[in-house]
S.K.: 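I have a structure I would like to understand better, so I am pasting it below and will then ask my questions one at a time.
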Amino acid sequence: MKLHHKISKKHFIQVLAVTLVLFAAVVLAKYIQTFQTDHGVITSEKFYFTVDLISDSKMAAGSDGLFSLKNTESGTWHLYGGGQHTVDFSVRNYYDDLRITRESITYSAKVEAADIPNVNLTAEGEGGNVTGLMTLGEKSEAEDKYTKTDKLFHLTIPENYTEETTVKVTIQSTSPYKKTIELSFVVHPAGEELTYEVVDSMNSPYAELIIRNGTSQPVRPVINWSSTTLSIDNTNELTFVYGADNTFTIQPDMESREMQVSREIKSGESVSIYFFKSDSKNYSQVKTLVASDNKIVIRDSGSGEGNAE
C-alpha cells in the first residue's frame, strides 16, 4: 500500500512538470506573436514590391510575351520604329488590394544606356532625373495602416541612336527587405525593312513565326506555308476578323495555306503567329527580308535556312 502511494506521487510530479513546460511554451508563443504585431515586424511573405509597365506607342513584347510587367520581377521589351520613345511604368508597394506592405519601402532606381546619350529616368514628385534613395508607402493616420501606393516613372530615350542597343532600368529596394527588379529595352533604329523569322527546333510541337515591321508605314503581308504538316493557329487575331454582331470570320485562303493577315501591322510593331506541327522537322528560318511581293514564305525544307538580310 505504501509502495502504491509513492508511485502515484512520482507520477503526479511528472505530469505537473510537463504541464508547466507546455504552459510556458504557450505564454512565450503568445508573447512573440504580440511583439510582432505591436512592433510591425513583417516577414518576407508580406513584402510586396512590384512594377507595372504601362505603355509605349512603339513597343513590342519580348521574350516573356507580355506587354504588362505587373507583379513580375523582370522583362525584356523591344522598341521599334526609331525616333524618341517614352515608356511609363509605376513602382508599387502592393500585389493586389489585399496584399500591401505594412512598412515604408526605401528603394532606388537607375538607368544604364552606354550607347545612347541623354537617356532620362524621372519620377513624379522627385524633380528631374532620379538620384539617391526614395520612399514608397504612405500610412493612413485615420485607419492606422499603410495604403496602396504607386510611383509613376517616365523613361525617355532620345532619337539619336543608329544601331540596335539595350537600355536597362534597375529598381532595387534596400529596406525593409532587398529585392531587385530589372527592365530591359532593346532599341531598334529606324529602317525601311519588313522582316520575319521562324523559331523552331526538332520535335517541338509548334513553330513560331515572328514578323517585325521596321518600315514607316503599316503593312498587311501574305503568309505562305506549303507544308501539309503545319497548321496555323486560327485563334490568333491575325487570322480572323470580328463582325459587327461579335462573330468572327476566318481569313480566306487559310485552307490553301496562303493567307493575308487580317489587320495592318503598324510601323514599329512586332507580332507572332504559331504553327502547330504534325512532324518532327525543324522549320527554323533566320531573320529574312520580305520581298517586294509582300509575301512571307515558310519553307518546307526544315533546313533552318533563309534569305538573310
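Predicted, not measured: the structure shown is a model, and the values here were computed from it.
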S.K.: Should I298 and N224 count as side-chain neighbours, where that means a heavy-atom distance under 4.5 Å?
M.R.: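 Answer no - side chains too far apart.
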
S.K.: Please examine the side chains of T135 and I105, heavy atoms only from C-beta on, and report whether any two atoms are closer than 4.5 Å.
M.R.: no

S.K.: Answer whether the closest heavy-atom distance between the side chains of I116 and T165 falls below 4.5 Å.
M.R.: yes

S.K.: Counting neighbours of CG on D293 that are heavy atoms of other residues, nucleotides or ligands and sit closer than 6.0 Å, is the number greater than 12?
M.R.: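 Enclosed.
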
S.K.: Look at the side-chain heavy atoms of Ile, Leu, Val, Met, Phe, Trp and Tyr, link any pair under 4.5 Å apart, and say whether I210 and V261 land in one connected group.
M.R.: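 No, it is not one cluster - the side chains of I210 and V261 are not joined through contacts under 4.5 Å.
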
S.K.: Excluding sequence neighbours, so at least two apart, what forms side-chain contact (heavy atoms from CB on, under 4.5 Å) with S175?
M.R.: T106

S.K.: Check the pair T235, D233 against side chain to side chain donor-acceptor pair (under 3.5 Å), reporting the backbone distance first and the verdict last.
M.R.: CA-CA 5 Å; T235 66; D233 176 13; 2.6 Å; yes

S.K.: Is the number of heavy atoms from other residues, nucleotides or ligands within 6.0 Å of CD (E112) greater than 12?
M.R.: yes

S.K.: Just do the side chain to side chain contact (heavy atoms under 4.5 Å, CB included) check on Y107 and V91 with the steps written out, would you?
M.R.: CA-CA 10 Å; Y107 71 103; V91 179; 4.3 Å; yes

S.K.: Under the side chain to side chain donor-acceptor pair (under 3.5 Å) criterion, do T170 and E182 qualify, and how do the steps go?
M.R.: CA-CA 5 Å; T170 303; E182 294 181 349; 4.6 Å; no

S.K.: Working to the nearest 0.5 angstrom, can you tell me the gap between D88 CG and E124 CD?
M.R.: 8.5 Å

S.K.: Kindly say whether T147 contributes a backbone atom to a donor-acceptor pair with the side chain of N93 at under 3.5 angstrom?
M.R.: yes

S.K.: Taking the side chain as every heavy atom from C-beta outward, state whether V51 and I171 have any atom pair closer than 4.5 Å.
M.R.: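 V51 vs I171: side chains touch.
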
S.K.: Nearest heavy-atom pair of G137 and S104: which atoms, and what distance?
M.R.: O-OG, 3.5 Å

S.K.: Determine whether a donor-acceptor pair (N or O, by modelled atom type, separation under 3.5 Å) exists between the side chain of K287 and the backbone of Y196.
M.R.: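 Between the backbone of Y196 and the side chain of K287 there is no qualifying donor-acceptor contact (under 3.5 Å).
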
S.K.: Roughly how far apart are L289 CG and T195 OG1, rounded to 0.5 Å?
M.R.: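 So the CG of L289 and the OG1 of T195 are separated by 7.0 Å.
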
S.K.: Any idea which heavy atoms bring A109 and V130 closest together, and the distance?
M.R.: O-CG2, 3.5 Å

S.K.: Could you tell me whether the side chain of T156 reaches within less than 4.5 Å of the side chain of Q84, counting heavy atoms only?
M.R.: yes

S.K.: F89 vs F153 aromatic rings, parallel, tilted or perpendicular, using cut-offs 30° and 60°?
M.R.: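 The rings of F89 and F153 lie parallel, inter-plane angle below 30°.
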
S.K.: Cation over ring, K148 on Y94, under 6.0 Å and within 45°?
M.R.: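 Ring-cation test returns yes.
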
S.K.: Can you name the nearest heavy-atom pair linking F185 to L183, along with the distance?
M.R.: CE1-CB, 3.8 Å

S.K.: Looking at V167 and V119, what are the two nearest heavy atoms and their distance?
M.R.: CG1-CG1, 4.3 Å

S.K.: Could you measure the distance from the OG1 atom of T131 to the NZ atom of K110? Nearest 0.5 Å is fine.
M.R.: 13.5 Å

S.K.: Mind running side chain to side chain contact (heavy atoms under 4.5 Å, CB included) on N236 and Y274 for me, showing each step along the way?
M.R.: CA-CA 8 Å; N236 189 291; Y274 288 98; 5.7 Å; no

S.K.: For E126 and K151, what are the C-alpha separation, side-chain angles and deciding distance, and is it a side chain to side chain contact (heavy atoms under 4.5 Å, CB included)?
M.R.: CA-CA 10 Å; E126 298 296 334; K151 172 69 75 172; 3.1 Å; yes

S.K.: With a 4.5 Å cut-off on side-chain heavy-atom distances among I, L, V, M, F, W and Y, is there a chain of contacts connecting V186 to V87?
M.R.: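 No, it is not one cluster - the side chains of V186 and V87 are not joined through contacts under 4.5 Å.
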
S.K.: For R99, give me all partners under side-chain contact (heavy atoms from CB on, under 4.5 Å), at least two apart in sequence or on another chain.
M.R.: Y48, Y95, D96

S.K.: Does any non-hydrogen side-chain atom of T239 lie less than 4.5 Å from one of M259?
M.R.: yes

S.K.: Does any N or O in the side chain of S284 come within less than 3.5 Å of the main-chain N or O of D200, such that one atom is a donor and the other an acceptor?
M.R.: yes

S.K.: So if I apply the side-chain hydrogen bond (donor to acceptor under 3.5 Å, both in side chains) rule between R212 and each of E269, E193, E197, which one comes out positive?
M.R.: E197

S.K.: Report yes if some heavy atom in the side chain of E237 is under 4.5 Å from a heavy atom in the side chain of R263; otherwise report no.
M.R.: yes

S.K.: With a 4.5 Å cut-off on side-chain heavy atoms, are I157 and V187 touching?
M.R.: yes

S.K.: If you look only at distance, which donor and acceptor atoms sit under 3.5 Å apart when one is on a side chain in residues 201-209 and the other is two or more places apart or in another chain?
M.R.:
residue	atom	partner	partner atom	Å
S204	OG	Y206	N	3.4
S204	OG	Y206	O	2.8
E208	OE2	S272	OG	2.9

S.K.: So, K178 side chain and Q172 main chain: donor-acceptor pair closer than 3.5 Å or not?
M.R.: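 A pair under 3.5 Å: no.
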
S.K.: If hydrophobic clusters are built from ILVMFWY residues whose side chains come within less than 4.5 Å, do I223 and F240 share one?
M.R.: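 In one cluster with I223: F240, yes.
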
S.K.: For the backbone of R92 and the side chain of D150, can you confirm whether one donor and one acceptor N or O come within less than 3.5 Å of each other?
M.R.: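 Answer holds: no.
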
S.K.: Taking only residues two or more places apart in sequence, or in another chain, which ones meet Y146 in a ring pair (Phe, Tyr, Trp, His ring centres under 6.0 Å)?
M.R.: none

S.K.: Rounded to the nearest 0.5 Å, what's the gap from CD1 on I211 to OG1 on T288? Could you check?
M.R.: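 Those atoms lie 12.0 Å apart.
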
S.K.: Taking only residues two or more places apart in sequence, or in another chain, which ones meet K295 in a salt bridge (Lys or Arg N to Asp or Glu O under 4.0 Å)?
M.R.: E258

S.K.: Who are the salt bridge (Lys or Arg N to Asp or Glu O under 4.0 Å) partners of D115, not counting sequence neighbours?
M.R.: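 Testing D115 for salt bridge (Lys or Arg N to Asp or Glu O under 4.0 Å), a comparison that skips the adjacent residues, returns none.
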
S.K.: Between V222 and L230, is there shared hydrophobic-cluster membership here, with clusters defined by ILVMFWY side-chain heavy atoms closer than 4.5 Å?
M.R.: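 No, V222 does not connect to L230 through the hydrophobic network.
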
S.K.: Locate the shortest heavy-atom distance separating E103 from P176; write the atom from each residue and the value.
M.R.: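 Heavy-atom minimum between the residues: OE1-CB, 3.4 Å.
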
S.K.: Spell out, as yes or no, whether a donor-acceptor pair under 3.5 Å connects the side chain of S262 to the backbone of L238.
M.R.: yes

S.K.: R220 side chain to E264 main-chain N or O, any donor-acceptor pair under 3.5 Å?
M.R.: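 Such a contact is absent between R220 side chain and E264 backbone.
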
S.K.: Would you please test L194 and I296 for side chain to side chain contact (heavy atoms under 4.5 Å, CB included) and show each step?
M.R.: CA-CA 10 Å; L194 175 63; I296 293 170; 5.6 Å; no

S.K.: Specify the closest pair of heavy atoms between R299 and Y283, including all atoms of both residues, with the distance to one decimal.
M.R.: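 In terms of heavy atoms, the two residues are closest at O-CD2, 3.3 Å.
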
S.K.: Say whether M134 and F49 are linked into one hydrophobic cluster, either directly or through other cluster members, by side-chain heavy-atom distances under 4.5 angstrom.
M.R.: yes

